[in-house]
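Working notes for the structure below.
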Protein chains: 4
Amino acid sequence: MAVEKRDKIIESALKLFEQKGYHSTKVSDIVKDAGMAQGTFYLYFKSKEDLFRSVAEECLKEIVDALKPESDDHPDVGNGQMHDGLIRETLIIYYQNRTILNILKRHGAASPEIADIAKQFYGNVCEVVKGIFKHYNVYPGYTDEQLEMTAYAEIGMLEMVAYQWFIEKGYGLEKLDLLAEVLIGINVNCLPETDVIGE
Amino acid sequence: MAVEKRDKIIESALKLFEQKGYHSTKVSDIVKDAGMAQGTFYLYFKSKEDLFRSVAEECLKEIVDALKPESDDHPDVGNGQMHDGLIRETLIIYYQNRTILNILKRHGAASPEIADIAKQFYGNVCEVVKGIFKHYNVYPGYTDEQLEMTAYAEIGMLEMVAYQWFIEKGYGLEKLDLLAEVLIGINVNCLPETDVIGE
Amino acid sequence: MAVEKRDKIIESALKLFEQKGYHSTKVSDIVKDAGMAQGTFYLYFKSKEDLFRSVAEECLKEIVDALKPESDDHPDVGNGQMHDGLIRETLIIYYQNRTILNILKRHGAASPEIADIAKQFYGNVCEVVKGIFKHYNVYPGYTDEQLEMTAYAEIGMLEMVAYQWFIEKGYGLEKLDLLAEVLIGINVNCLPETDVIGE
Amino acid sequence: MAVEKRDKIIESALKLFEQKGYHSTKVSDIVKDAGMAQGTFYLYFKSKEDLFRSVAEECLKEIVDALKPESDDHPDVGNGQMHDGLIRETLIIYYQNRTILNILKRHGAASPEIADIAKQFYGNVCEVVKGIFKHYNVYPGYTDEQLEMTAYAEIGMLEMVAYQWFIEKGYGLEKLDLLAEVLIGINVNCLPETDVIGE
DNA sequence: TATGAATGAGTCTTCATTCAT
DNA sequence: AATGAATGAAGACTCATTCAT
């Protein structure tokens with residue numbers, strides 16, 4: 001019962017935050033949508049900001065974990081495959097978590113009170129991606145700073161296309177192949193011996 | 001006189017929006033910083049939102065124009081140079097306009113009332129980049145959708161690294177070469193005949 | 001069982017009312033301190049105000065009764081002794097009931113909803129003291145109004161020193177002798193024939 | 001204009017605080033009574049508590065100052081006259097400031113957030129009274145602690161009768177003579193050589 | 001044009017009380 | 001008798017905007 005109500009609040013909040021943004025979503029909107037009284041909200045969350053933090057931190061931790069290569073997840077199948085796999089997986093994760101990622105993208109840095117969440121999230125994701133680069137030796141000879149730049153570049157790339165196609169244009173995974181193909185078309189330096197896009 | 005006051009408001013607003021965000025910046029903060037009375041603000045702007053729109057639209061139009069290849073700006077010097085030049089130029093533009101671009105990135109989609117500004121801005125930039133791709137035939141054989149995806153990917157890439165290095169880390173243009181080099185290291189498909197990163 | 005719970009509530013309430021005051025003490029604080037559920041409170045008291053009234057009225061009635069000269073309690077030992085005894089006894093009663101008297105002093109008139117309790121209490125105490133004055137003929141020739149004034153003056157005097165020494169300064173009965181001596185030093189008209197304090 | 005509004009708020013607040021108490025008086029009540037908008041209140045006071053503190057501290061400082069014997073205020077006319085004069089003066093001051101003193105008595109210790117005001121006030125008054133006792137050598141041979149006890153006793157005495165006659169019973173200064181006479185009837189040790197109450 | 005005092009709708013949050021179990 | 005989740009009315013405070021001067 002208790003958990004159900006808490007979940008109902010989170011569900012309503014995510015929906016409304018995405019629709020109207022954090023600032024325009026009132027606590028009264030959330031509880032109305034969740035079908036409960038104003039006071040009930042405060043049984044489960046200390047404040048509106050606490051709700052945001054709770055949800056965001058929880059979801060984002062899951063996303064970072066999902067990105068982390070698990071032992072067998074990325075068997076050494078060669079660089080080309082690896083990168084293609086990583087991009088596809090990341091796009092899928094983005095798609096599955098598009099609601100919270102959208103909210104984060106929209107409010108991450110916009111509200112000083114919750115800016116640290118986004119900052120830490122991007123920091124974590126960057127570390128994971130750098131780790132992958134190192135593990136598969138994707139960018140041999142790169143300094144740590146160069147790896148970091150590359151990681152952020154890739155993250156920005158993925159985030160932007162995911163935002164435009166999954167959120168703005170509202171597509172689903174039917175665009176996955178096309179997006180992955182194009183993104184790999186940009187990321188070809190790991191495949192110096194193969195032909196580029198064209199096949 | 002009139003123009004000076006208007007400009008002073010814009011200047012203060014940009015500073016404060018970047019420091020504290022749109023929602024946390026009160027009109028009273030702006031006028032206090034600008035050294036004028038509360039009511040004066042409304043002689044120059046219909047509302048707080050109007051101020052944001054005025055500033056954003058104006059700045060963003062300039063940025064889009066700056067990105068547009070002018071007749072002599074991109075002489076046909078070959079694909080390799082072109083892309084390198086575009087990335088450098090864009091990074092420089094981002095650096096020069098980092099304040100407004102930061103604000104836009106932070107509030108673009110966060111506030112429903114001003115979301116359309118960001119949407120239109122990205123749409124315009126995307127068109128310009130697609131135009132460049134077409135003009136120099138960077139991605140031959142690509143459909144329009146593929147070009148759009150590629151354009152957004154490049155924009156996301158640039159925006160993310162610029163944000164991280166120029167805003168978060170606070171670097172200046174001394175990182176330009178390194179950033180450009182790395183970004184070109186990702187974007188190599190336009191240079192099938194040259195060596196990759198080159199080191 | 002039932003009585004135990006009720007007493008536990010009263011005990012916790014007195015403690016908390018004294019610590020934090022009536023308004024700052026929440027029903028939830030009381031039940032938490034008493035180790036029971038929120039709803040249990042309302043099995044024993046109609047409301048928070050009802051709790052206050054119940055406790056206050058009960059305690060205060062005891063105090064008034066304690067002040068009343070019982071048949072053998074104040075044997076006619078002469079005026080000097082009488083007054084000294086009354087002051088000592090009253091101070092002791094104040095000390096023993098310092099919790100509720102402190103609460104009453106603090107909230108007596110502060111909260112309109114419970115103001116009548118304090119008003120009635122002081123009225124009763126005044127009557128008792130007047131009765132003592134009459135019984136021992138302490139202020140011969142005084143009109144009823146003068147007696148009432150004197151009674152209130154003595155009550156105010158005792159209450160203030162008791163508050164300052166027993167509550168604010170936190171002393172115990174070790175200051176009783178000194179306080180009584182000083183108070184009697186002020187109240188000397190009842191002893192025209194004896195030496196004053198004894199220096 | 002500005003001062004007028006601020007004064008109007010104070011005036012309304014004092015009236016309402018006295019009528020209904022601090023906690024039962026809403027900011028909305030105050031501004032309604034003062035005939036202005038809710039927001040106007042916050043132009044002049046940071047919060048409801050700030051209003052209370054501002055008013056209380058200001059008034060109480062005045063009262064303490066008024067109690068302080070000024071050079072010619074208490075010409076050396078002998079102890080008997082002095083004490084009589086002090087009691088009369090204090091009663092008059094209490095009467096003139098009965099509103100704020102009543103509010104202080106009612107809320108002084110009742111609200112933890114403003115308890116320090118009352119504590120400091122009584123501390124100050126005690127010091128002033130002790131100073132008077134010392135100056136006129138009213139209680140020769142008393143230790144400082146005894147003087148402090150006596151001072152608090154006198155303060156409690158005066159406060160209680162003033163509260164009962166000026167506030168509860170609503171009398172004005174027509175009772176001054178009678179009250180002073182009775183209080184002096186209690187305070188006779190300073191006049192060993194004169195007749196007591198005199199009738 | 002400039003001022004800044006005044007406005008009041010809007011929002012979060014609290015907490016005494018109720019009620020289904 | 002006991003629980004504790006749920007309620008919702010109420011109140012302090014904010015801040016974009018207006019307007020008389």
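Here is how names work: the chains are called A, B, and so on, in the same order as the sequence lines, proteins then strands, and each is numbered from 1. These figures come from a predicted structure and were not determined experimentally.
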Length of the line joining [X]:[atom1] and [N]:[atom2], which is rounded to integer Å:
X: C/L16; N: E/dA16; atom1: CG; atom2: P; result: 12 Å
X: B/K46; N: F/dT18; atom1: NZ; atom2: C1'; result: 16 Å
X: D/K32; N: E/dG8; atom1: NZ; atom2: P; result: 14 Å
X: B/H23; N: F/dA16; atom1: NE2; atom2: C1'; result: 12 Å
X: A/L51; N: E/dT11; atom1: CG; atom2: P; result: 17 Å
X: B/I9; N: F/dT17; atom1: CD1; atom2: C1'; result: 14 Å
X: B/K48; N: F/dC15; atom1: NZ; atom2: P; result: 9 Å
X: B/M36; N: E/dA5; atom1: CE; atom2: P; result: 17 Å

Can you tell me if [X] touches the phosphate of [N], counting only side-chain N or O atoms and a distance under 4.0 Å to OP1 or OP2?
X: A/S28; N: E/dT11; result: no
X: B/S47; N: F/dA16; result: no
X: D/Y44; N: E/dA6; result: yes
X: B/Y42; N: F/dC19; result: no
X: D/K5; N: E/dA6; result: yes

- Among F/dA12, F/dG8, E/dA16, find the nucleotide with the atom closest to the side chain of C/Q38.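 Shortest atom-to-atom distance from the side chain points to E/dA16.
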- Looking only at side-chain atoms of A/L43, point me to the closest of F/dA16, F/dA6, E/dA2.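 Nearest to the side-chain atoms of A/L43, counting from C-beta on, is F/dA6.
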- Task: Using only heavy-atom distances, determine whether the side chains of D/Y122 and D/E159 contain a donor-acceptor pair under 3.5 Å.
- Result: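 The answer is yes; a qualifying pair exists.
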- Message: Taking the cut-offs as 6.0 angstrom to the six-membered ring centre and 45 degrees off its axis, would you call D/K61 and D/F121 a cation-pi pair?
- Response: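 No, a cation-pi geometry is absent between D/K61 and D/F121.
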- Would a 4.5 Å heavy-atom cut-off, applied to side chains only, mark A/I103 and A/F52 as touching?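 Yes, side chains in contact.
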- Task: Using a 4.5 Å cut-off on heavy atoms from C-beta on, say whether the side chain of D/F41 contacts that of D/M36.
- Result: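 Result no, sub-4.5 Å side-chain heavy-atom pair not found.
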- Message: With a 4.0 Å cut-off on N to O distance, would you call A/K26 and A/D33 a salt bridge?
- Response: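 Salt bridge between A/K26 and A/D33, a charged N being under 4.0 Å from a carboxylate O: no.
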- Task: Can you tell me the pairing partner of F/dA2 across any strand shown, Watson-Crick or G-U wobble, with both distances under 3.5 angstrom?
- Result: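 F/dA2 is paired, partner E/dT21.
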- Message: Go nucleotide by nucleotide along DNA chain F from the 5' end; which of A/G39 and D/F41 gets its closest nucleotide reached first?
- Response: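 Looking at the nearest nucleotide for each, A/G39 comes out on the 5' side.
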- Message: Reading DNA chain F from 5' onward, which residue's closest nucleotide shows up sooner: C/G35 or D/T40?
- Response: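 Final value for this comparison: C/G35.
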